[in-house]
Amino acid sequence: LPPRLTMPAYDSYTHHDAFGPKRWSHQRRFHDGLRLLQLHPHDRLLDYGCGDGYFLKLCAKAVPEATFVGYDPLANMADQARQALANTKIVVTETLAELQTNSFSHITCLETCEHLVPDALDQTLRDIRDVLDPRGLAVFSVPVEIGPVSLVKNLYRHLRRPTYENWTWRNLWQATVGLPVAPFINQALGHPYIFSHIGFDHRRFAARLRSDFRIERVVYTPFSGLGFLCNPTVYYLCRPRP
């Protein structure tokens, strides 16, 4: 397992971020994800890459009769999730071996895939297919990192942290116009990991996703009718290919 490195609390830079618009955007994307799932009491949900468990807590509050499991391979994240979910029936695990005999009607993988190098992404998609019911629903969300939204995000990153990984004026321009940007691969966690969102292209991710899944619906959030030009997040609602 990856070492338990000192990391900031996940909520401090997502749904509890000090910057109001960013905080609202993250909270909104979680609520939109819950709405898209349309969970019922008999459903079994796996949140793959569950972070601090915030989304699982939302789901359990909305549909307490359903079954919920959180998986996160990063020990620090799993620890945060266990702490947040300590007074619930939700199980959090760091090993997929515990899940291989289970079959989930729903699997979410939210804001995770953009951090994975190609081999790790391939393995993640296989893992999800392995534990998803053949008729189940997989919901992926990834950030929009091209176009005008990318410009706003990257200027904010530079103002908040001038040493943000992979930030250059050239990369800012290329991301804004939708040209490829090489990702910055970090080894700090003991294995290749992409922390910086700069260089991620949701269009290429969707093409890769179609190799293992059938995309039934694409939803941009929080302003669903405006597409990638005005939205920071995109959801893909998928069924496994036979």
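The analysis underlying the following values was restricted to heavy atoms, covering all of them including side chains, and did not include hydrogens, waters or symmetry mates.
- Side chains of Asn186 and Ile194 form no contact here, defined as non-hydrogen atoms less than 4.5 Å apart.
- A donor-acceptor contact shorter than 3.5 Å is absent between the side chain of Asn166 and the backbone of His197.
- Proximity of a side-chain donor or acceptor of His40 to a complementary backbone N or O of Gln38 within less than 3.5 Å is detected.
- Note: Leu74 CG to His115 NE2 = 9.5 Å, rounded to the nearest 0.5 Å.
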Inset, instruction - Begin with the C-alpha distance, continue with both residues' side-chain angles, and end with the deciding distance and a verdict on side-chain contact (heavy atoms from CB on, under 4.5 Å) for Leu151 and Leu172. - result: CA-CA 7 Å; Leu151 176 63; Leu172 171 71; 3.8 Å; yes
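- Heavy atoms of other residues, nucleotides or ligands lying less than 6.0 angstrom from CZ of Arg217 number 12 at most.
- For Thr93 (side chain) and Thr95 (main-chain N/O), a donor-acceptor pair under 3.5 Å exists by modelled atom type.
- Residues Leu46 and Thr108 are not in side-chain contact: their nearest non-hydrogen atoms beyond the backbone lie 4.5 Å or more apart.
- Here the side chain of Arg208 pairs no donor or acceptor atom with the backbone of Pro118 at under 3.5 angstrom.
- Between Leu209 and Ile215, some side-chain heavy-atom pair lies under the 4.5 Å cut-off.
- Side-chain contact between Tyr235 and Thr221 is present, with heavy atoms from C-beta onward closer than 4.5 Å.
- Side chain of Thr124 to main chain of Ala120: a donor-acceptor pair is present (N/O by atom type, distance under 3.5 Å, no hydrogens or angles).
- A perpendicular orientation is assigned to the rings of Trp169 and Trp167, their planes being inclined by more than 60° (bins at 30° and 60°).
- With sequence neighbours left out, Arg239 forms a salt bridge (Lys or Arg N to Asp or Glu O under 4.0 Å) with Glu216.
- Here the straight-line distance linking atom CG of Leu110 with atom SG of Cys50 works out to 10.5 Å at 0.5 Å rounding.
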Inset, instruction - Could you go through the side-chain contact (heavy atoms from CB on, under 4.5 Å) check for Leu56 and Leu85 one step at a time? - result: CA-CA 8 Å; Leu56 285 170; Leu85 302 170; 4.1 Å; yes
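- None of His202, Arg29, Arg203 except one satisfies the side chain to side chain contact (heavy atoms under 4.5 Å, CB included) rule with Val234; the exception is His202.
- One distance of note links OG of Ser105 with CG of Leu39; it measures 7.0 Å at 0.5 Å rounding.
- Taken to the nearest 0.5 Å, the CZ atom of Arg129 stands 11.5 Å off from the CD1 atom of Ile107.
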Legend entry - side-chain contact (heavy atoms from CB on, under 4.5 Å) assessment of Leu229 paired with Val149: CA-CA 6 Å; Leu229 293 176; Val149 167; over 6 Å; no
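- Counting heavy atoms from C-beta outward, Glu94 and Asp79 have side chains that approach closer than 4.5 Å.
- Val91 and Tyr71 sit in two unconnected hydrophobic clusters of ILVMFWY residues. Membership requires side-chain heavy atoms under 4.5 Å apart, directly or through other members.
- Rounding to the nearest 0.5 Å gives a distance of 9.0 Å between CZ of Phe228 and CG of Asp201.
- Under the 4.5 Å side-chain criterion, counting only non-hydrogen atoms from C-beta, Gln187 is not in contact with Tyr193.
- Placement of Val152 and Tyr156 in two distinct hydrophobic clusters is found when ILVMFWY residues are connected by side-chain heavy-atom separations under 4.5 Å, directly or transitively.
- The shortest heavy-atom contact between Cys109 and Ile128 is CB-CD1, 4.0 Å.
- A donor-acceptor pair is defined here as one N or O able to donate and one able to accept, closer than 3.5 Å; such a pair exists between the side chain of Arg28 and the backbone of Pro222.
- At a threshold of 4.0 Å, the pair Arg157-Glu165 does not count as salt-bridged, since none of the basic side-chain nitrogens sits closer than that to a carboxylate oxygen.
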Do any side-chain atoms of residues 132-143 form donor-acceptor pairs under 3.5 angstrom with protein atoms, and if so which ones, sequence neighbours left out?
{"unit_1": "Asp133", "atom_1": "OD1", "unit_2": "Arg135", "atom_2": "N", "d": "2.8"}
{"unit_1": "Ser141", "atom_1": "OG", "unit_2": "Glu111", "atom_2": "N", "d": "3.2"}
{"unit_1": "Ser141", "atom_1": "OG", "unit_2": "Glu111", "atom_2": "OE2", "d": "3.1"}

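- Of the possible donor and acceptor atoms, none in the side chain of Lys153 sits under 3.5 Å from a partner among the backbone N and O of Ile146.
- Two residues are said to be in side-chain contact when any heavy atoms from C-beta on lie closer than 4.5 Å; Phe205 and Leu121 meet this criterion.
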Inset, instruction - Give the C-alpha distance, both sets of side-chain angles, the deciding distance and a yes or no for side-chain hydrogen bond (donor to acceptor under 3.5 Å, both in side chains) between Gln123 and Asp127. - result: CA-CA 6 Å; Gln123 185 62 55; Asp127 290 342; 2.8 Å; yes
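- A 4.5 Å side-chain heavy-atom check between Ser103 and Val131 finds every atom pair outside the cut-off.
- Nearest heavy-atom pair, Cys238 versus Phe213, reported as atom, atom and distance to 0.1 Å: CB-CB, 3.7 Å.
- Taking every heavy atom of both residues into account, Glu145 and Ala175 meet most closely at O-CB, 3.8 Å.
- Remark: side-chain polar atoms of Asn154 are paired, donor with acceptor, to backbone N or O of Ser150 under 3.5 angstrom.
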Legend entry - His31 and Leu58: CA distance, side-chain angles, deciding distance, side-chain contact (heavy atoms from CB on, under 4.5 Å) verdict: CA-CA 8 Å; His31 284 278; Leu58 283 180; 3.7 Å; yes
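- Separating the CG atom in Leu116 from the CZ atom in Phe200 is a distance of 9.0 Å, to the nearest 0.5 Å.
- Taking the charged nitrogens against the carboxylate oxygens, Asp130 and Arg126 have no contact shorter than 4.0 Å, which rules out a salt bridge.
- Between Tyr164 and His158, the ring center distance fails the sub-6.0 Å criterion.
- Nearest heavy-atom pair, Asn231 versus Ser224, reported as atom, atom and distance to 0.1 Å: OD1-N, 4.3 Å.
- Residues Phe68 and Leu36 fall within the same hydrophobic cluster, defined by Ile, Leu, Val, Met, Phe, Trp and Tyr side chains chained together at heavy-atom separations under 4.5 Å.
- The minimum heavy-atom distance linking Cys59 with Leu37 is given by the pair SG-CD1, 4.3 Å.
- Counting all heavy atoms, side chain and backbone alike, Ile198 lies closest to Val181 at CG2-CG1, 4.0 Å.
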